[in-house]
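What you see below is based on every heavy atom in this structure, not just the backbone, and it leaves out hydrogens, waters and symmetry mates. Numbered from 1 within each chain, the chains take letters A, B, ... in sequence-line order.
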Amino acid sequence: MKIVKRHNISINMSSRIKIAELLTAGSPGQKVTVKGWIRTFRNNQFIALNDGSTNANIQVVVDFENTDPAELKRYTTGAAIRVTGDVVESQGKGQRIEITAKEIEVYGDCDAEVYPLQPKKHSLEFLREIAHLRFRTNTFSSVFRVRHALAFAIHQYFNNRGFTYIHTPIITASDAEGAGEMFRVSTLDPDKLPRNEAGEVDYTQDFFGKPTNLTVSGQLEAELGAMALSEVYTFGPTFRAENSNTTRHLAEFWMIEPEVAFADLNDNMDLAEGMLKYVIDYALKNCADDLQFLNDRLLEEEKSKPQNERSAMSLIDKLQFCLSNNFERITYTEAIEILKNSNPNKRKQFKYLIEAWGADLQSEHERYLVEKHFQKPVILTNYPAQIKAFYMRQDDPKEGVPGPTVSAMDILFPGIGEIVGGSQREERLDRLTAKMEEMHIPAKEMYWYLDTRRFGTCPHAGFGLGFERLVLFVTGMSNIRDVIAFPRTPGNAEF
RNA sequence: GCAUCUUUAGCUCAGUCGGUUAGAGCGGCGGACUGUUAAUCCGUAGGUCCUAGGUUCAAGUCCUAGAAGAUGCGCCA
């Protein structure tokens, strides 16, 4: 296994060396201190020690003949220890170097009888129930190192391009965004709600003096920033109170939302495609060992699946394929034509048959386009106006397009579906207010948003990227609950 | 919210057509071995068969309801 060392300094007092650094750069003759958690203790003699810097363990050789047997009993799977000793060439196969222990200190014992993690394969469902301990498994430590690398690369990508990272509010009084059901934020006692004369809940007595919710998107606020700073992005938690029970929805998730002034739909697509490729490339270069581990894990898992359900490409091949091919850019209107003439539509295999322009695409249609027809990421653009949000820019009528469209774009990924949703924004005040009226969005409350169109408006565009969906794609995991530390889903807010 | 599937030891799972005392591997515990690689070998303990009803001479197995989990759909990122 190739081991990736992620940093140059082992951060710790008492000259502790991290295991990734020791395994890559350590040489016989060194005297070192390592600290970590025992993975296995074999033959009363060999400790496999892990500190989370890599999935590879350092082998610690214990001088069992000169160690108190009561102390040897404490070296159990999961125990936290310090080892000071000499780096030597390993006599056994399977590792280049090992440590001959001179001193072992147990920081925290781990009762093997009740510790749930064993040196064996556990199901992801079981590990989800012990999410507080699942970081200690190879799969999850790899997933979370990759997750970190992707988050870091996103900041780096935008920083390199002159973007300003802005922090948009988590609590919002605006419920006009229409992005989904919201979680109410209140300090009122639900058992003793104050009422006004009309018998309605009196929110003037609530903390903010009006109804407030957790944010479903930072986009509207990001647009305000873009109208001064030119290029901004947000990267924060987002909350949707939808009763969604799928492998790709969370009630609390992280979203990246760039917003760019003086940009149109094409700039927007270039930005999104560039970002996705940049961060995937970053992960391939900086998490090679973790991705290899996840790649092999996936191959192993797929062995138990029937041939036709296995993926055509391995995880790493799929990521590299994604880098070396341009995303397919087609309009909604073109997509409808393809779907209308597709075999599953003609043979009535789709649950929802495509009959006319204007229909919303179901996930079976998106999957057909991405996984069967194009076999690569697809960007769908210029959707019918009626199925998209009020703030998307209205297109000029075009020959061959049956109805009004907006400059929207969705990026669809294999296995994930929609990973990015974005648009060029409607910057023309009259068009925007007319649309809001049509969709019953209270323009009065949204004065702050509309002010950007009143005072120095300009063409601008942006998108939202679901961070966990990106992590799903890059790690090859199949359930979104396994790429966030403590998933919040309907009926579950454990830990 | 809807549909389908699953639930047996701490974990992963087997359990035939409804039939007598519910099994295995791993893990635990006791021991052996001492250059192992999820070590190996011997021994041993461990069960509300998800819950509540029902059918039957007899239910882990069949039926009904509920709970929890998984998958798919809808909503979306």
Given atom [atom1] of [X] and atom [atom2] of [N], what is their separation to the nearest angstrom?
| X | N | atom1 | atom2 | answer |
| --- | --- | --- | --- | --- |
| A/D63 | B/rG35 | CG | C1' | 13 Å |
| A/D482 | B/rU71 | CG | C1' | 14 Å |
| A/F64 | B/rG35 | CZ | C1' | 10 Å |
| A/N66 | B/rU34 | CG | C1' | 14 Å |

Are the aromatic ring centres of A/F473 and A/F413 under 6.0 angstrom apart? yes
On a plain distance test, is the side chain of [X] in donor-acceptor contact with the base of [N] below 3.5 Å?
| X | N | result |
| --- | --- | --- |
| A/E98 | B/rG35 | yes |
| A/S244 | B/rC75 | yes |
| A/Q59 | B/rU36 | yes |
| A/E113 | B/rG28 | no |

Pair assignment for [N], Watson-Crick or G-U wobble, requiring both distances under 3.5 Å:
| N | result |
| --- | --- |
| B/rA45 | none |
| B/rU21 | none |
| B/rC26 | B/rG10 |
| B/rU71 | B/rA3 |
| B/rU16 | none |
| B/rA65 | B/rU51 |
| B/rU56 | none |
| B/rU36 | none |

What is the nucleic acid contact for [X], judged by heavy atoms within less than 4.0 Å: base, sugar-phosphate only, or nothing?
| X | result |
| --- | --- |
| A/I416 | nothing |
| A/Q362 | sugar-phosphate |
| A/R39 | nothing |
| A/V420 | sugar-phosphate |
| A/H122 | sugar-phosphate |
| A/K351 | sugar-phosphate |
| A/G464 | sugar-phosphate |

Taking only the [atom1] atom of each, what is the distance from [N] to [M] in whole angstrom?
| N | M | atom1 | answer |
| --- | --- | --- | --- |
| B/rG60 | B/rU55 | P | 16 Å |
| B/rU6 | B/rG43 | C1' | 36 Å |
| B/rC5 | B/rC76 | P | 29 Å |
| B/rC26 | B/rA39 | C1' | 14 Å |
| B/rG30 | B/rU12 | P | 25 Å |
| B/rG25 | B/rU71 | C1' | 27 Å |

Taking atom types as modelled and ignoring hydrogens, do the side chains of [X] and [Y] form a donor-acceptor contact shorter than 3.5 angstrom?
| X | Y | result |
| --- | --- | --- |
| A/T333 | A/N382 | no |
| A/E231 | A/T164 | no |
| A/E371 | A/Q375 | no |
| A/Q424 | A/H460 | no |
| A/R425 | A/S423 | yes |

When A/E125 and A/Q95 are each assigned the nearest nucleotide of RNA chain B, the 5'-most assignment goes to A/Q95
Note: for A/R469 and A/G491 on RNA chain B, the residue whose nearest nucleotide lies more 5' is A/G491
Does [X] make a side-chain N or O approach to OP1 or OP2 of [N] shorter than 4.0 Å?
| X | N | answer |
| --- | --- | --- |
| A/N243 | B/rG1 | yes |
| A/T246 | B/rU71 | no |
| A/Q118 | B/rG10 | no |
| A/R248 | B/rC73 | yes |
| A/R42 | B/rU36 | no |
| A/T40 | B/rU37 | no |
| A/S363 | B/rC73 | yes |
| A/K73 | B/rG30 | yes |

If you only use heavy atoms from C-beta on, which nucleotide in [options] is closest to the side chain of [X]?
| X | options | value |
| --- | --- | --- |
| A/N245 | B/rC73, B/rC11, B/rG35 | B/rC73 |
| A/N44 | B/rC26, B/rU34, B/rU37 | B/rU34 |
| A/N43 | B/rG27, B/rC75, B/rU34 | B/rU34 |
| A/E418 | B/rA77, B/rU71, B/rC73 | B/rA77 |

Is a side-chain donor or acceptor of A/R82 paired with a backbone partner of A/E103 at a separation under 3.5 angstrom? no
Using a 6.0 Å cut-off, check whether atom CD of A/Q156 has over 12 heavy atoms from anything other than its own residue. yes
Hey, is NZ on A/K73 packed in by over 12 heavy atoms from elsewhere, all under 6.0 Å? no
Check whether the aromatic ring of A/F46 stacks on the base of B/rG35, taking stacking as ring centres less than 5.5 Å apart and planes within 30° of each other. no
